[in-house]
Protein chains: 2
Amino acid sequence: MHQTLSPFDISRIRGLAPAQERAGAEKESPCGACSVRHLTFCAPLGEEELNHVTRIVQNVELHPGDPLFDEGEEATNIYSVTAGAMKVYKLLPDGRRQIIGFLFSGDFLGLADDEVYAYSAEAIIHSTLCRFPRRKLEALLERYPRMERRLLGMASHELAAAQEQMLLLGRKTAREKIASFLLLLGQRAAQRGQTANPVSVPMSRNDIGDYLGLTTETVSRTFTQLRQGKLIALLPAGRVDLLDVEALREIAEGN
Amino acid sequence: MHQTLSPFDISRIRGLAPAQERAGAEKESPCGACSVRHLTFCAPLGEEELNHVTRIVQNVELHPGDPLFDEGEEATNIYSVTAGAMKVYKLLPDGRRQIIGFLFSGDFLGLADDEVYAYSAEAIIHSTLCRFPRRKLEALLERYPRMERRLLGMASHELAAAQEQMLLLGRKTAREKIASFLLLLGQRAAQRGQTANPVSVPMSRNDIGDYLGLTTETVSRTFTQLRQGKLIALLPAGRVDLLDVEALREIAEGN
DNA sequence: GCGACCGTTTGACGTAGGTCAAGGCCGGCG
DNA sequence: CGCCGGCCTTGACCTACGTCAAACGGTCGC
């Protein structure tokens, strides 16, 4: 089930690493403080409170294909991605897989309304995360209720994204799905301060398929179809040049 | 775009009304207090606080096909369904529709992370709702931060449901989708204290299709296929008897 | 530097579910 | 009371996408 390290992914890591290391270096701590600051963005804490929060976090480092946790496991931690890319997915007993989302630096995962994780999480490329023990986080929430507002905002945001994805999965064609996906990746990269146009696509065709409700082959075929239509260009190291963003947007919206 | 009152729906309203009127009568207020109590369930407020919250709510009454709000409209209110059934959906420009969810008494809608609603909402059957002006609710959250935990819990719960729905939309067959849907309706009815086995299905085949990423025809065909396999029986007034829940569960999980 | 492995691409073909069209059913209204 | 307009059902047919299979190409280990 676990993907082994692939040459293709390695090349992508090299391609991505500089920008992300730089992003990480701008924060003074290797891990905690930046995530904590992120978590409390909308509700700045005092210095003492910040230290209190920072103290409970730990670093996690994952290589491509490494699992972080599995669906059904006891949800003991919440994580924040500080660098790299993760995928979270659900499985059916016969192995069919639906990727629920891809996570990049700044994203959180592990928020469960139950006592167990509702999905599995795995690294796509070399990634570092920040671990918050759930128990301790809950105690902190009790103490600093403003953090709850921040979590609520993140959950609402994720919910809206999930609803948009439902529209995609239920009602869009393969072509529309791929166009939407590429634009989404670009948009999210821009939010992270990365380059949005030659967009970095670090995940495999298979992963893309499992995210969009398609097969590897259909994803591949649709990419070549868009390439032949001069809408995109496939660059080395898993980058995709969006040659005609406006046309892609038209396609993505179903026109 | 708005559905007009259909005879079929009328019959269902009559079927549903008694139970729901009773449920409403158990609370002392026609509207506010029960919703407020619901909202603060995990963080009980004192009498004075409760009154404070109750004061800001208003009743809304909708008939089948009545819109509550549209996607893109300024999100000025948050609602709680006190009786009836609503559908919330997103549209593509060409009219393709994805129903994001069905809401029953006790459910909330209108939580938007943006300033505008991310979806449209419409009544399926005669429904009553409780309106919370968003501005005032935000002021209350500032004052009673425990309510935020409740909202966070609801958002997390919805998120988990949305993720389950993504798995359904992306990876399940028509048969599996319908089986999952019927079981879900039953489960949700049970949570509301209604009968879970002859489950009430107040929405049209078309709505079910738009919820499951299918067409009316496929929904209909799949129902008859399940009926012929003695897994369900179609009762009058839009009720469905789940004759073999265990088999349905097997199908829903993809076995 | 060569072979093997994986992911990707491409092709030929199959099928689940969509489309189009025609009846059937039922409640409401004239 | 009988027509009318929804929705639902069923049938015949079509197609987008899945399946199966083969070839390709980059990377890494040897």
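Every heavy atom of this structure was used, including side-chain atoms; hydrogens, water molecules and symmetry mates were not. Residue numbers begin at 1 in each chain, while the letters A, B, ... track the order of the sequences. Being a predicted model, the structure only gives us computed values, none of them experimental.
In this structure, His63(A) places its NE2 atom 17 Å from C1' of dC28(D), rounding to the nearest Å. At whole-Å resolution of the value, CG in Leu212(B) and C1' in dG18(C) are 15 Å apart. Separating the CG atom of Asn206(A) from the P atom of dG18(D) is a distance of 12 Å, rounded to the nearest angstrom. Here the C1' atom of nucleotide dA16(C) and the CD atom of Gln225(B) are 11 Å apart, to the nearest Å. One can place CD1 of Ile178(A) at 11 Å from P of dT9(C), the figure rounded to the nearest angstrom.
The terminal axes of the helix from dG1(C)-dC30(D) to dG30(C)-dC1(D), fitted over 5 pairs per end, subtend an angle of 30° to the nearest 10°.
Qualifying side chain to side chain contact (heavy atoms under 4.5 Å, CB included) partners for Ala196(B), counting only residues two or more places apart in sequence or in other chains: Ala190(B). Partners of Phe223(B) by ring pair (Phe, Tyr, Trp, His ring centres under 6.0 Å), not counting sequence neighbours: none found. Partners of Asp241(A) by side chain to side chain contact (heavy atoms under 4.5 Å, CB included), not counting sequence neighbours, listed by chain and number: Asn197(A), Ala233(A), Leu235(A), Leu243(A). Lys172(A) meets the side-chain hydrogen bond (donor to acceptor under 3.5 Å, both in side chains) test with Ser180(A); sequence neighbours excluded. Annotation: side chain to side chain contact (heavy atoms under 4.5 Å, CB included) contacts of Gln228(B) (sequence neighbours excluded): none. Glu71(B) pairs by the side chain to side chain contact (heavy atoms under 4.5 Å, CB included) definition with Lys90(B), Ser120(B), not counting sequence neighbours. Scanning for ring pair (Phe, Tyr, Trp, His ring centres under 6.0 Å) contacts around Phe181(A) gives Tyr211(A), with sequence neighbours left out.
Considering only heavy atoms from C-beta on, Asn255(A) stays 4.5 Å or farther from Arg249(A) through its side chain.
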Could you run through nucleotides 10-17 of chain D and give me one letter per nucleotide, 5' to 3': B if any protein heavy atom sits under 4.0 Å from the base, S if only the sugar-phosphate is that close, - if neither?
BBB----S

